[in-house]
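I have placed the structure first, in the form of structure tokens, so that the comments after it can refer back to it.
All values reported here derive from a predicted model rather than from experimental measurement.
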Amino acid sequence: MTYKLYWRKGSASFVAEAALAMTGAKYELIEIPDRNDQRSPEFRAINPAGKIPVLITPEGQIVFETMAILLTLDEWHKGANLLPAPKTNERATSLQWLAFLATSSYSSALRFYYPERFTADQSPAAVDAVKVKSVTDSNTDFAILNDTIRGPFLLGDTMTITDVYLAMIADWHEPAMEIAAIQTLKSAMLQNPAIKAAWDNHEYTP
């Protein structure tokens with residue numbers, strides 16, 4: 001029984017691939033290298049929103065939205081310890097920061113790389129203003145996260161998929177990688193061979 005993951009290099013599909021690798025489950029990677037392919041009728045039949053990543057479970061269930069994929073894999077592969085055990089303070093903390101990263105930090109990254117999507121005014125000044133504000137918001141997010149990391153990971157010695165998500169977003173925001181605590185977190189995370197393989201597959205910063 002094999003999972004299928006629709007992905008593209010350098011995208012948020014990295015964290016979904018890393019989660020799959022951590023579970024030890026068999027999976028097939030289906031690359032969508034061209035964004036135009038995401039708008040095709042064939043792909044929209046899989047994900048009407050036309051976004052990646054998309055996970056198809058061995059049973060044929062389609063799951064899209066990165067956070068939903070991570071929570072699904074955590075529920076179905078408890079032994080992989082993607083997240084702490086249910087009904088614990090550690091799980092609540094991990095979910096809190098996972099949601100923070102998925103909504104606030106990821107949104108800021110999108111506004112930096114695709115500022116034209118976030119303004120009806122397509123003048124250079126308006127587009128640049130979106131980009132500048134995204135940098136300010138990302139800096140604020142990572143200052144908050146810096147104060148939160150217990151070291152080397154968010155929870156201390158225990159790595160969760162939230163740390164993997166954090167490292168991915170940090171790699172997209174150069175100032176974040178100048179923060180010592182985040183450098184340490186990334187280094188510790190990459191000691192995991194499964195995550196390192198997914199990281200290299202996406203050609204992120206060594």
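- There is a path of hydrophobic side-chain contacts, each under 4.5 Å, that joins L71 to L55.
- Between the side chain of S40 and the main chain of D37, a donor-acceptor pair closer than 3.5 Å is present.
- With hydrophobic clusters built from ILVMFWY side chains whose heavy atoms lie under 4.5 angstrom apart, L110 does not share a cluster with V127.
- Note on ring orientation: taking the six-membered ring where Trp is involved, the planes of W97 and F100 are perpendicular (angle over 60°, cut-offs 30° and 60°).
- Classification of the Y3-H77 ring pair by plane angle, with boundaries at 30° and 60°, yields tilted.
- Minimum heavy-atom separation, I195 to M159: CD1-CE, 3.3 Å.
- Using a 3.5 Å distance cut-off with no hydrogens or angles, the side chains of Y113 and W172 do not pair a donor with an acceptor.
- When side chains are defined from C-beta on, M22 does not count as touching N81, because their heavy atoms never get closer than 4.5 Å.
- The closest side-chain heavy-atom distance from Y165 to M67 is not below 4.5 Å.
- No side-chain heavy atom of T2 sits under 4.5 Å from any side-chain heavy atom of P58.
- Taking both residues in full, the closest heavy atoms of L190 and K196 are given as O-CB, 3.6 Å, listed atom of the first, atom of the second, then distance.
- The shortest non-hydrogen separation linking K78 to P86 is NZ-CG, 3.9 Å.
- Counted by atom type alone, T119 and D121 present zero donor-acceptor pairs between their side chains at under 3.5 Å.
- Atom CD of E28 has more than 12 neighbouring heavy atoms from other residues, nucleotides or ligands inside a 6.0 Å radius.
- One distance of note links CG of D171 with CG of L166; it measures 11.5 Å at 0.5 Å rounding.
- Counting only N and O atoms by type, the side chains of R91 and S94 include no donor and acceptor under 3.5 Å apart.
- Hydrophobic clustering of Ile, Leu, Val, Met, Phe, Trp and Tyr side chains at less than 4.5 Å, counting indirect connections, unites I69 with V164.
- Both V15 and L95 belong to a single network of hydrophobic side chains, linked directly or stepwise wherever heavy atoms of I, L, V, M, F, W or Y lie under 4.5 Å apart.
- Tracing side-chain contacts under 4.5 Å through hydrophobic residues (I, L, V, M, F, W, Y), one never reaches W7 starting from F64; they form parts of separate clusters.
- Counting heavy atoms from C-beta outward, R111 and D137 have side chains that approach closer than 4.5 Å.
- With contacts defined as side-chain heavy-atom distances shorter than 4.5 Å, the pair P84/L155 qualifies.
- Atoms NZ and CD1, from K4 and I46 in turn, are 8.5 Å apart once rounded to the nearest 0.5 Å.
- Closest approach of S108 to S134, counting heavy atoms only: O-CB, 3.4 Å.
- Contact detail for A19 and L82: the closest heavy-atom pair is O-CD2, 4.0 Å.
- For K51, the NZ atom counts as loosely surrounded, since its 6.0 Å shell holds 12 or fewer non-hydrogen atoms of other residues, nucleotides or ligands.
- Of the candidates T57, V54, N47, I62 forms a side-chain contact (heavy atoms from CB on, under 4.5 Å) with just one, namely V54.
- Between I182 atom CD1 and I169 atom CD1 the span is 11.0 Å, to the nearest 0.5 Å.
- Residue Y106 comes nearest to A12 through the heavy atom pair CE1-CB, 3.9 Å, listed as atom of the first residue, atom of the second, then distance.
- A distance-only check finds a donor-acceptor pair linking the side chain of D163 to the backbone of T160 [under 3.5 Å].
- Using a 4.5 Å cut-off on side-chain heavy atoms (C-beta onward), T148 and T93 make no contact.
- The structure places CD1 of I149 at 12.0 Å from CD1 of I144, a figure rounded to the nearest 0.5 Å.
- Taking the six-membered ring where tryptophan is involved, the planes of F142 and H173 are essentially parallel, since the angle between them stays under 30° and well short of 60°.
- The structure places CE of M189 at 7.5 Å from CG of L185, a figure rounded to the nearest 0.5 Å.
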Take R8 and Q38, measure what side chain to side chain donor-acceptor pair (under 3.5 Å) needs, and give me the verdict at the end.
CA-CA 11 Å; R8 185 173 57 253; Q38 294 174 216; 2.2 Å; yes

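- A donor-acceptor pair under 3.5 Å is formed between the side chain of T184 and the backbone N or O of A180.
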